[in-house]
Amino acid sequence: MKKQNPREVALQQFNRAAEIMELEPWIRNVLSYPERVVKVHVPVKMDSGEVRVFEGYRCQYNSALGPYKGGIRYSPDVDEDEVVALAQWMTFKCALVDVPFGGAKGGVKVDPRKLSKGELERLTRRYTYEIVPVIGPSIDIPAPDVYTNDEIMSWIMDTYSIFKGYNEPAIVTGKPIYIGGSKGRKEATGRGVAISTREVLKLYGEDIKGKTIAIQGFGNVGSHAALILHEMGARIVAVSDVEGGIYNPDGLDIPALMEYVYGDSPTPRRSVKGFKRARSITNEELLLLNVDVLIPAAIENQITEENADKIRARYIVEGANGPTTFEADEILFKRGIVVVPDILANSGGVIVSYLEWVQDRMGYYWEEEEVNEKLEKKLVKVIQEVFDTIRKYREKGKEIDWRTAAYILSIERIAKVYRKRGLFP
Ligand code: GLU
């Protein structure tokens with residue numbers, strides 16, 4: 001399958017919205033480029049004694065609304081265009097959900113599953129050292145993303161704090177609770193995906209109870225989305241990971257599957273494959289299952305012009321960033337399939353990251369209930385606002401999809417700031 005350049009996808013999405021909302025050309029121009037892209041080379045002493053040098057990035061896309069914010073991923077697919085696209089999506093995500101952050105993303109081109117724990121720690125600490133000059137609690141705040149977790153966030157926090165000479169928990173979010181993390185952060189992205197699914201169904205007069213759902217990806221996002229949707233009464237019939245998927249039309253026992261894959265470990269101990277009472281399917285088959293809701297929660301470029309016309313789900317809720325290409329979006333829209341876009345559906349993570357940063361800065365920590373309540377309230381409000389935007393444009397004779405409506409709302413929030421603040425100098 002040819003991989004479409006994610007930067008291209010991100011720009012096409014932005015341009016479509018900018019066109020429809022008639023955004024001023026100067027703001028459109030400014031928002032088409034990242035403010036800064038830092039490229040670093042990260043030397044790491046491997047266990048063998050050999051020194052290997054890894055390529056790393058931090059893209060700071062836009063800071064009109066506040067400090068740059070976004071995760072760091074470790075993956076062999078990382079390159080400049082991917083990081084820039086992801087940082088652009090973070091910019092529109094933060095603006096959409098109205099948290100006072102700009103957008104950023106970082107990455108190291110590496111397969112972390114091939115590193116020992118010691119190598120992973122040395123890589124993380126050295127990468128942090130390389131980006132210390134451009135990050136800070138009021139400058140740019142990293143977080144977890146693909147193949148990074150709370151342990152890696154601890155090393156980033158520790159490394160940064162050593163350089164500063166004092167503890168600075170607000171430098172990074174997604175930390176373990178006992179070093180300044182927020183209760184509910186780990187589950188937040190999955191919880192947001194589950195809430196988005198339930199609320200969007202509700203807006204179309206449907207109940208989450210009994211709905212069949214397939215989830216691609218069983219990492220931090222997919223697994224928690226599965227568990228919370230299961231608790232809401234939905235039937236999760238299929239899940240997958242990089243090695244493949246499992247399917248049972250009667251529904252999978254998600255709590256048992258969580259135990260099977262994770263146990264007490266923060267990272268998967270084994271693949272979902274081989275789980276009891278389910279038959280094996282491929283990732284491609286999972287995407288084409290006859291279900292009510294499909295949740296891509298892995299990586300970009302999964303729903304493309306090659307498979308969009310074969311998708312049978314009525315709703316797609318994007319747990320991953322950028323899983324649907326621009327062309328696929330158009331095919332799905334024509335077919336009447338509702339796509340709840342990444343910048344809305346997976347925003348629960350950054351919403352609770354914002355709450356974590358706030359708690360770190362005031363040095364006072366909330367109970368999980370309070371965090372979950374704040375998350376839910378914010379998300380439900382934004383979902384309604386996006387829905388209202390679709391209706392508003394319909395009244396003007398323009399049919400737009402959920403992604404375009406989300407972009408319009410988000411871009412408007414940033415544009416308003418530019419109009420008032422002006423452009424330096
Ligand atoms: N990596 C997550 C995302 O793509 C979270 C970012 C954050 O919390 O800063 O939204």
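In each ligand, atom 1 is the first atom listed, and ligand 1 is the first ligand listed.
- A search for ring-ring contact (aromatic ring centres under 6.0 Å, His included) contacts involving Y160 returns nothing, not counting sequence neighbours.
- Geometrically, K69 does not engage W357 in a cation-pi contact, judged by NZ or CZ lying under 6.0 Å from the ring centre and within 45° of the ring axis.
- Within 4.0 Å of ligand 1, the residues that place a heavy atom are K69, G70, G71, M90, K93, K105, A143, P144, D145, R185, N321, G349, V350, S353, listed by chain and number.
- Ring-centre distance between Y68 and Y61: not below the 6.0 Å cut-off.
- Listed by chain and number, the residues in a ring-ring contact (aromatic ring centres under 6.0 Å, His included) with F275 are Y260 (sequence neighbours excluded).
- Using a 3.5 Å distance cut-off with no hydrogens or angles, the side chains of N29 and S32 do not pair a donor with an acceptor.
- Not a single ring-ring contact (aromatic ring centres under 6.0 Å, His included) links W89 to another residue, sequence neighbours left out.
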